[in-house]
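What follows is a single structure, written as C-alpha cells, with notes after it.
These numbers were taken from a predicted model, which means no experiment stands behind them. Whatever order the structure lists ligands and atoms in, that order sets their numbers, starting from 1.
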Amino acid sequence: MRLSVPFGHRKNVVGILLDVNENTPPDISQNQGKTVKLRHIHQVLDTKAALDADILELCQWCANYYHYPLGEACHLALPSLLRKTEPSTQKPQALWWQLTPQGQTCSAETFGRAKKQLQAWECIKTLTALSPEQAKSKEISRTTITTLIKKGILETVPAPQSQTTSLTTQTETKKVADTPLTLNEEQIKAVNSIQMDRFTTYLLDGVTGSGKTEVYLQAITKAITNGKQVLVLVPEIGLTPQTLDRFEKRFNVPILTLHSGMSDKQRFATWESAQTGSASIVIGTRSAIFTPLSQLGLIIVDEEHDLSYKQQDGMRYYARDVAIIRAQKKNIPIILGSATPSLETLHNALHGRFRHLQLTQRATSAPLPKIQCVEAQDDHLSEEVIHAIRETLDKEQQVLVFINRRGYAPTLICQDCGWISQCNHCDNRMTLHQPASQRPQLHCHQCETKTPAPNQCPNCHSHRLQPLGHGTQRSEEQLNQRFKQTPILRIDRDNIRRKGELENALDTINSQQPCILVGTQMLAKGHHFSNVSLVVVLGLDNGFFSSDFRGSERMGQLLTQVAGRSGREKHSGTVLLQTQFPEHPLLKQLIEHGYSQLATQLLAERQLGNMPPYEYLALIRCHAQQPNMAAGFLQQARQLAENITPANADVQYIGPLPAIIEKRNNRYYYQLQIKATNRRTLHHLLGILCSQLEKQRAPRGLHWLTDVDPQEM
Ligand code: ADP
Ligand code: ZN
Ligand code: ZN
C-alpha cells in the first residue's frame with residue numbers, strides 16, 4: 001500500500017509499505033550498525049494493495065538484477081498518478097458502460113414496464129461498450145444509466161485509450177470479428193508448439209512478412225478462450241494504428257493500449273482496468289511490462305531485438321528480459337518474435353534455452369526481395385536510383401526511401417576556412433534543418449539546442465557555407481525536384497509530431513496511389529505497405545565503422561527490416577542500397593546469405609572476442625561537470641572492485657574511458673566496463689560495489705549509475 005510519509009526535509013512523499021514488523025521498538029531500530037530514528041506515517045493512501053504481489057516480486061527482481069533501489073523500482077511500476085500523494089479515491093472517472101454478467105443473461109421481463117431501461121438494455125446488448133457520445137445519440141439518459149447500474153445490469157468501465165470518433169463507430173460493428181486466416185504449415189507448427197499451461201520462452205523467428213502476427217493472434221485466441229489475459233509488448237514506434245486495428249478487428253474483447261503519448265489519467269484508467277481483469281488484451285510499449293494482470297496467461301514481445309525495450313535512464317531495465325522473468329514466475333508461455341532476432345536471443349535458442357520456431361517463407365507467396373547495391377560516393381540519389389523510382393511510379397506502385405538521419409544535412413561547413421557547425425555544449429555537430437517556409441536552423445540532436453543558421457561563416461565571414469551530407473529533408477527536396485507530379489510524404493520525428501499526422505500519412509499510403517515515402521526508422525518497423533515495391537536505402541555506411549561492438553548486428557537488423565517493407569503483397573519487391581562499400585564482407589554476407597547467416601558469423605566473432613552473449617557485461621556510467629572528476633570517481637570504483645575480487649581471472653575491467661560522445665550538454669560522460677565469464681560473479685561483485693559506492697558521498701554534481709547488460713556503449 002502507498003503511504004504519505006515525511007522523508008528528509010520533505011513533508012509528503014509517497015512511500016510504499018512492504019511489510020509490518022510488530023516487534024520494532026517504537027522509536028529506534030538498528031540498521032546495519034546505524035541507529036535509525038523512526039518517523040510517523042502521515043496517511044495511508046490506499047485501501048487495497050497498489051502493487052499486486054507478482055508486480056512487487058518483479059520489482060524486487062529488477063532491484064536486485066539492475067542494482068537499483070527497490071523503492072524506485074516500485075515507483076516505476078506505478079502509474080504516475082499514484083506516485084503523487086493524493087489518495088486514490090480521487091480516481092479519474094470511468095467513462096464508458098458495459099453490461100455486467102447479469103445484464104448479459106437477463107431477459108426483457110427484468111425491466112417490467114420500464115420502457116426506457118429496456119430500450120437502453122437492448123441497445124447496449126449490440127455493443128461491446130457504450131460511450132457517452134453513443135448514449136447521447138441513442139438518447140439514453142444518465143438517469144437510466146444510473147438506474148441500470150444500481151440494478152446490477154450495467155457497470156462503468158474506463159474508456160478505451162483511443163477515444164477517437166473512428167473507434168466509437170468501430171465499437172458498434174465490433175461484434176463481427178475478423179475470421180482467422182488459414183495458417184500455412186509452418187504457422188500451424190508454430191501455433192501448435194506453443195503450450196499454454198507452462199513457462200517456456202519461444203523464439204518466433206520468421207522472415208519479414210512471414211505472418212508472425214497471425215501466429216500471435218491465434219496464440220492469443222487460445223489464451224483468451226481459457227479466460228486468460230494477454231500482454232503484448234511492441235517497440236516504441238511499433239504501436240501503429242494499423243497494428244491496433246488488426247487486434248481490434250480480430251477480437252471481441254476489451255483491448256487497451258499503454259504508451260508514452262498518453263495522459264496520466266488515461267494511463268491510470270488503463271492500469272486499473274488491467275488490474276481488475278476487465279481488459280483481456282493489453283498492448284503497450286516498454287513500461288507496460290509492469291501492468292498488473294491478475295489473469296495473465298501469455299506474453300508476446302514483438303520485434304524482440306528492438307532497442308526501445310531497453311530503458312536508457314534511471315533503472316536501465318530491459319523489458320524483454322523482465323518479460324521473460326515475469327513469464328517464468330507466473331509459469332506461462334512467452335513468445336519473442338522477430339525477423340532479425342538479437343544475438344542474445346539466438347544464442348539462447350541455439351542452446352536450447354528457448355524453443356526455436358521458424359517461419360522461413362513469406363505468407364503471401366511473394367518472394368523475399370533481394371538487396372542490390374548501387375555504388376555512390378554520397379547520399380545524393382544516383383541516376384540509377386532515380387530511374388528505378390520512375391519505373392516503379394510508372395507501374396502505379398509506391399516507393400520508400402529510407403535515410404536514418406533527420407534534418408537537411410548533418411553538418412554545415414565553411415568552404416573557405418573549414419569552420420564546421422559544432423555545438424557549444426556537446427562533442428557533436430549541429431544538424432542543418434530547413435523547415436518549409438521558415439528560416440534554416442542548426443539543431444544539436446544531443447542537447448536539443450537550436451539556433452538560426454548563420455548566413456556567413458562565424459569565423460571568416462565568408463558566404464560560402466555548404467551543407468555537408470544528407471538528411472531526410474534534403475532527400476525530400478531532391479525528390480521534389482525530380483518528381484514534380486508525385487506526392488512525396490516525409491515521415492520523421494520533425495514532421496510527424498502530433499497524433500494523427502502519422503495516420504494521415506498512412507491513409508495516403510493505404511489509398512495505394514503512386515507516391516514516394518521518405519523517412520527514418522519510423523518507416524522501417526512493423527508497417528505493412530501493400531503497394532510498396534521499391535525500397536531505397538541511403539546513409540547506412542556509418543554502420544560499418546561503429547565503435548560499438550553491436551554496430552554490425554544493428555546494421556544487419558535495420559537493413560533487413562527496411563528491405564522487408566518491399567514487395568509484401570502483390571508485386572515482387574526490389575531493394576536498392578546506395579553505398580560506398582558494395583564489397584564490404586559483412587554486407588556481402590547479409591545480401592548473399594541473409595540475416596541468420598550473418599548472425600551466425602557475428603556470434604562466432606563475439607565468442608572469439610569473449611563478448612556477450614558469451615560473457616556478461618555491466619557498465620558503471622558516470623557524468624560530471626569536469627572530465628577528471630568523472631574519470632577519478634570511476635578509477636576509485638575500479639580500485640574498490642579490484643579489492644572485492646582480488647586477482648580474479650573471471651573478471652575484467654576496461655576503463656574508465658570517455659563515452660563515445662564524451663561531452664553532452666556541458667557534462668562529461670565516462671564509463672567503467674566490467675566483464676565477467678560468469679553472471680553470478682558479476683552480480684555478486686556489483687552488489688558489493690554498488691553498496692560501497694552508495695555509502696561514500698559522491699562529489700557534488702556527479703551522477704553515477706549501473707547499467708547491467710548495456711545495449712549502447
Ligand atoms: P510479419 O509480422 O511476419 O512481418 P504479417 O503478420 O504482417 O508478417 O503478415 C504479412 C501478410 O501476410 C499480411 O498481409 C497477412 O495478412 C498475410 N498472412 C499472414 N498469414 C497468412 C496466411 N496463413 N495466409 C494468407 N495470408 C497470410
Ligand atoms: Zn569560414
Ligand atoms: Zn549540443
Side-chain angles (χ1 to χ4, degrees), residues 178-191 204-220 232 234-235 238 240 242-243 245-247 249-250 300-304 335-341 357-366 368-369 412-431 442-451 454-466 510 524-532 560-570 573 661-667 669:
D178 244 14
T179 41
L181 298 173
T182 313
L183 299 180
N184 61 37
E185 259 171 51
E186 287 183 323
Q187 286 173 318
I188 293 176
K189 209 168 150 217
V191 172
L204 182 61
D205 180 0
V207 298
T208 53
S210 57
K212 292 184 288 295
T213 313
E214 191 59 34
V215 174
Y216 301 152
L217 294 175
Q218 303 214 6
I220 293 173
V232 183
V234 293
T240 60
Q242 232 179 350
T243 317
D245 201 42
R246 251 170 115 175
F247 279 80
K249 280 205 183 115
R250 178 66 58 89
I300 292 169
V301 184
D302 189 25
E303 310 288 358
E304 69 83 31
I335 308 172
L336 311 180
S338 178
T340 53
L357 311 173
Q358 280 170 296
L359 307 178
T360 56
Q361 308 286 326
R362 279 200 157 171
T364 51
S365 74
L368 268 178
L412 187 64
I413 187 167
C414 169
Q415 288 177 295
D416 286 318
C417 76
W419 172 88
I420 52 169
S421 53
Q422 188 75 33
C423 175
N424 288 332
H425 314 289
C426 309
D427 290 335
N428 187 40
R429 292 178 180 183
M430 294 180 88
T431 303
L442 292 175
H443 291 191
C444 172
H445 290 179
Q446 287 299 325
C447 69
E448 305 297 331
T449 298
K450 293 178 186 172
T451 57
N455 293 325
Q456 47 179 214
C457 173
N459 187 40
C460 74
H461 307 294
S462 157
H463 284 274
R464 301 205 313 140
L465 290 175
Q466 173 85 23
N510 292 332
K525 293 181 191 169
H527 297 286
H528 183 80
F529 303 135
S530 57
N531 201 22
V532 168
T560 310
Q561 294 287 348
V562 181
R565 299 312 115 204
S566 175
R568 284 170 73 92
E569 225 158 78
K570 294 170 269 192
I661 299 178
E662 180 184 352
K663 182 181 162 200
R664 261 170 22 221
N665 211 358
N666 296 317
R667 298 187 65 83
Y669 287 75

Original post:
What's the SG-the Zn ion (ligand 2)-SG angle here (Cys414, Cys417), rounded to 10 degrees?
Top reply: 110°
Subject >> From CA spacing to verdict: side chain to side chain donor-acceptor pair (under 3.5 Å), His425, Asn666 >> reply: CA-CA 5 Å; His425 314 289; Asn666 296 317; 3.0 Å; yes
Looking only at distances, please establish whether an N/O atom of ligand 1 is found under 3.5 Å from an N/O atom of [X].
X      : result
Gly211 : yes
Thr208 : no
Gly209 : yes

**OP:** State, yes or no, whether a side-chain contact exists between Arg246 and Thr213 at a heavy-atom distance under 4.5 Å.
**Re:**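 When only atoms from C-beta onward are counted, Thr213 and Arg246 do touch, with a gap below 4.5 Å.
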**OP:** For the pair Arg250 and Glu214, evaluate salt bridge (Lys or Arg N to Asp or Glu O under 4.0 Å) and give the outcome as yes or no after the intermediate values.
**Re:** CA-CA 10 Å; Arg250 178 66 58 89; Glu214 191 59 34; 3.0 Å; yes
Original post:
Counting only heavy atoms not in Arg362, do more than 12 sit closer than 6.0 Å to its CZ atom?
Top reply: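 Enclosed.
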Original post:
Just wondering, more than 12 heavy atoms not from Glu448 lying within 6.0 Å of its CD?
Top reply: yes
Which atoms of ligand 1 have any heavy atom of [X] under 4.0 Å away?
X      : result
Thr364 : 11 (C), 12 (O), 17 (C)
Asn184 : 23 (N)
Ala363 : 12 (O), 18 (N), 19 (C), 20 (N), 21 (C), 27 (C)

Residue pair [X] / [Y]: nearest heavy atoms and the distance that separates them:
X      : Y      : result
Val215 : Ala190 : CG1-CB, 4.2 Å
Gln422 : Asp427 : NE2-C, 3.6 Å
Asp302 : Pro235 : O-CD, 3.7 Å

With backbone taken as N, CA, C and O and side chain as the heavy atoms from C-beta onward, which portion of [X] lies under 4.0 Å from ligand 1: side chain, backbone, both, or neither?
X      : value
Leu359 : neither
Gln187 : side chain
Leu181 : side chain

**OP:** Give a yes or no on whether Cys444 keeps an N, O or S atom under 2.8 Å from the Zn ion (ligand 3).
**Re:** yes
Subject >> Thr340 and its side chain to side chain donor-acceptor pair (under 3.5 Å) partner, picked from Gln561, Glu304, Glu303 >> reply: Gln561
Original post:
Is the shortest distance from a heavy atom of Arg246 to ligand 1 less than 4.0 Å?
Top reply: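 Heavy atoms of Arg246 do come under 4.0 Å of ligand 1.
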Original post:
Taking the minimum heavy-atom distance to atom 22 (C) of ligand 1, which of Ile188, Thr182, Val207 ranks first?
Top reply: Thr182
**OP:** If you have a sec, read the angle at the Zn ion (ligand 3) from Cys423 atom SG over to Cys447 atom SG, to 10 degrees.
**Re:** 110°
